[in-house]
Structures are given as C-alpha cells and as structure tokens.
Amino acid sequence: MTAGEIVINSNADMYTGGWMKGGKITVNGNVDSFTGIAMAGGELTVNGSAQNHVGCACRGDWRGMTGGVFRVIGNAGNDVGTFMRGGTIIIEGDVFIHVLTHGEGGTIIIKGNVEGRVGGQAVKGDVYVFGKIEYMMPGYRYVDDVEAEVDGEKAVFAHYIGDLGERHPTSKGQTVYVNLYLKK
C-alpha cells in the first residue's frame, strides 16, 4: 500500500499493513500476529489489541520496520519491533516480552507495563515505557533523569543506555546506544 485509506470495522487477520509504504489503515477491532511487518511508511491504527510480532521483520529477514506510525490502542503480545530500523510504534496498553530485540533504530512507546526483555541485542533506537518493566535486561545502565514530551505527554524518565553486551556503531566519535526511558 502506498496511498489511500482503508477502514476495517472488524477484527483483522495476520499481515495487516505488512510492507505498507503510505496511506492510512484503521482497524476497529483486534489484529493477529505480524501486523505492520516491514512497514516503511504511512499510518496504521488498531483500535483494539494486537497479537505477536507486530512492526517487526518478516521471519528469516533482518530488515524490520523502517518508517511510518503504528499505533495499538490496546495490548500487544511478544516481539514488538524486532529488527526495527525506523518509524514509530505506540502501544497504549501492556506488552508481554521482547521489545526492540535486535533493534537498529526507530522509536517504541509503551504506555502500559512490559514483563521484560526490552532492547535485547539492540544497538540503536529509543524505547519509552510509561508503566513498569518487571524484568530489566542486565545489559542496561542508568545514566540520568530526563524530562521529555512523548506522544503529547510530559514526564520525567529514568534514562538507561544499552545493550552494553553488543557491538555499537559510532557517530561523530561517540558510541551509539539504545536509549531506554522508564517513567519515574
């Protein structure tokens, strides 16, 4: 999909919005796994919950989401944004495990809680969690507190960098890390 608008007034199956490059899709229901995979642009809104592997790479590929905005009003399962390289994913509810695994860019905003495994083996990108992370990855180190406006909400976040166990690129002589922001 490169342009136009689709409104789905029911639940949707797997791969909804997959490889999307532009336009707008609104699902007034829940979506199955692999929704928004390899998304490169456009706007995808789910007015319900999503299953697993949303906004990530197709199985066997290392090229995940590169652009666009993907918003889920409810909860999401596991493996959100795996191999993500750009774009924005917003989950307004809770997420199970594996957020931005192998991430190389992009932004993920989670308004609820995450059980764990946020940013594992990721080298670049930003993750904002407004709720709690039950099990924090050991490869993340607290840096400082920052005030930021995220998705229209101002808050103070504890700022962590990681995954420290990975090889990280450099930009202008500085090492690039994943930035993990946990609301205080």
Side-chain angles (χ1 to χ4, degrees), residues 8 10-18 25-39 43-57 59 64-65 68-103 105-122 125-140 142 145-163 178-184:
I8 300 168
S10 68
N11 295 332
D13 209 343
M14 295 192 307
Y15 302 105
T16 302
I25 298 175
T26 303
V27 179
N28 293 315
N30 300 316
V31 293
D32 208 335
S33 299
F34 303 106
T35 296
I37 65 168
M39 186 174 169
E43 184 180 331
L44 175 56
T45 302
V46 176
N47 290 314
S49 292
Q51 290 294 319
N52 307 314
H53 299 281
V54 296
C56 64
R59 288 182 180 172
M65 183 172 169
V69 177
F70 181 2
R71 181 182 298 269
V72 176
I73 301 303
N75 300 322
N78 58 272
D79 295 289
V80 173
T82 300
F83 284 110
M84 186 175 182
R85 300 184 313 159
T88 302
I89 298 174
I90 303 160
I91 309 291
E92 295 194 16
D94 298 333
V95 174
F96 181 43
I97 58 172
H98 291 293
V99 175
L100 196 69
T101 303
H102 304 294
T107 300
I108 297 178
I109 301 165
I110 300 168
K111 302 271 182 101
N113 300 313
V114 183
E115 185 165 325
R117 299 182 189 155
V118 176
Q121 296 182 320
D126 298 307
V127 179
Y128 295 86
V129 178
F130 283 74
K132 298 193 182 322
I133 300 174
E134 188 170 343
Y135 301 104
M136 187 75 144
M137 291 288 293
Y140 280 79
Y142 171 79
D145 290 345
V146 296
E147 185 175 344
E149 183 174 336
V150 180
D151 197 36
E153 185 177 337
K154 287 185 181 179
V156 176
F157 295 88
H159 174 211
Y160 297 82
I161 59 169
D163 183 340
V178 172
N179 293 294
L180 172 58
Y181 300 96
L182 185 57
K183 185 177 176 186
K184 295 193 84 163

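The figures here come from the full heavy-atom set of this structure, side chains too, leaving out hydrogens, waters and symmetry mates.
- With salt bridges taken as basic N to acidic carboxylate O contacts below 4.0 Å, one links Arg71 and Glu92.
- Tyr140 places a side-chain N or O within 3.5 Å of a backbone atom of Gly119 that can act as its donor or acceptor partner.
- Looking at Asn113, its side chain does come within 3.5 Å of a backbone N or O of Lys132 through a donor-acceptor pair.
- Smallest separation of non-hydrogen atoms from Thr16 and Leu44: O-CD2, 4.0 Å.
- The two residues Gln121 and Asp163 have their closest heavy-atom pair at N-OD2, 2.9 Å.
- Shortest non-hydrogen contact noted between Val54 and Ile89 is O-CD1, 4.2 Å.
- To the nearest 0.5 Å, the span separating OG on Ser33 from CG on Asp13 amounts to 9.5 Å.
- Not a single donor-acceptor pair under 3.5 Å links the side chain of Asn30 to the backbone N or O of Asn11.
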Trace of the side-chain hydrogen bond (donor to acceptor under 3.5 Å, both in side chains) decision for Asn179 with Asp126: CA-CA 5 Å; Asn179 293 294; Asp126 298 307; 3.1 Å; yes
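- Note that the OG1 atom of Thr45 and the CD1 atom of Ile8 stand 11.5 Å from one another [nearest 0.5 Å].
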Test log, rule side-chain contact (heavy atoms from CB on, under 4.5 Å), inputs Arg117 and Tyr135: CA-CA 7 Å; Arg117 299 182 189 155; Tyr135 301 104; over 6 Å; no
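- The aromatic rings of Tyr142 and Tyr160 lie perpendicular to each other, with more than 60° between the two planes, well past the 30° mark.
- Atom CD1 of residue Ile110 and atom CG of residue Asp151 lie 12.5 Å apart, to the nearest 0.5 angstrom.
- Closest heavy-atom contact between Ile90 and Thr88: CG1-CG2, 3.9 Å.
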Worked verdict on Val46 versus Phe70 for side-chain contact (heavy atoms from CB on, under 4.5 Å): CA-CA 8 Å; Val46 176; Phe70 181 2; 3.9 Å; yes
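- Rounded to the nearest 0.5 Å, atoms NE2 (His98) and CD (Glu115) are 10.0 Å apart.
- Classified by interplanar angle (parallel below 30°, tilted 30° to 60°, perpendicular above 60°), the ring pair His53/Phe34 is parallel.
- Under the side chain to side chain contact (heavy atoms under 4.5 Å, CB included) rule, Val99 has a single partner from Asp79, Val129, Ile108, Leu180, which is Ile108.
- Scanning both residues, Val118 and Met137, for their nearest heavy atoms gives O-CG, 3.3 Å.
- Ring orientation note: the planes of His102 and Phe83 are close to parallel, at an angle under 30° on the 30°/60° scale.
- Expressed to the nearest 0.5 Å, how far CG of Asn52 lies from OG1 of Thr82 amounts to 10.0 Å.
- Judged purely by atom type and a 3.5 angstrom limit, Asn78 has no side-chain atom pairing as donor or acceptor with the backbone of Ile97.
- Residues Val150 and Tyr181 are not in side-chain contact: their nearest non-hydrogen atoms beyond the backbone lie 4.5 Å or more apart.
- Annotation: cation-pi geometry not satisfied between Lys183 and Phe130 (NZ/CZ under 6.0 angstrom from ring centroid, within 45° of ring axis).
- Taking NZ of Lys111 as the reference point, atom CD1 of Ile91 lies at 11.0 Å (rounded to 0.5 Å).
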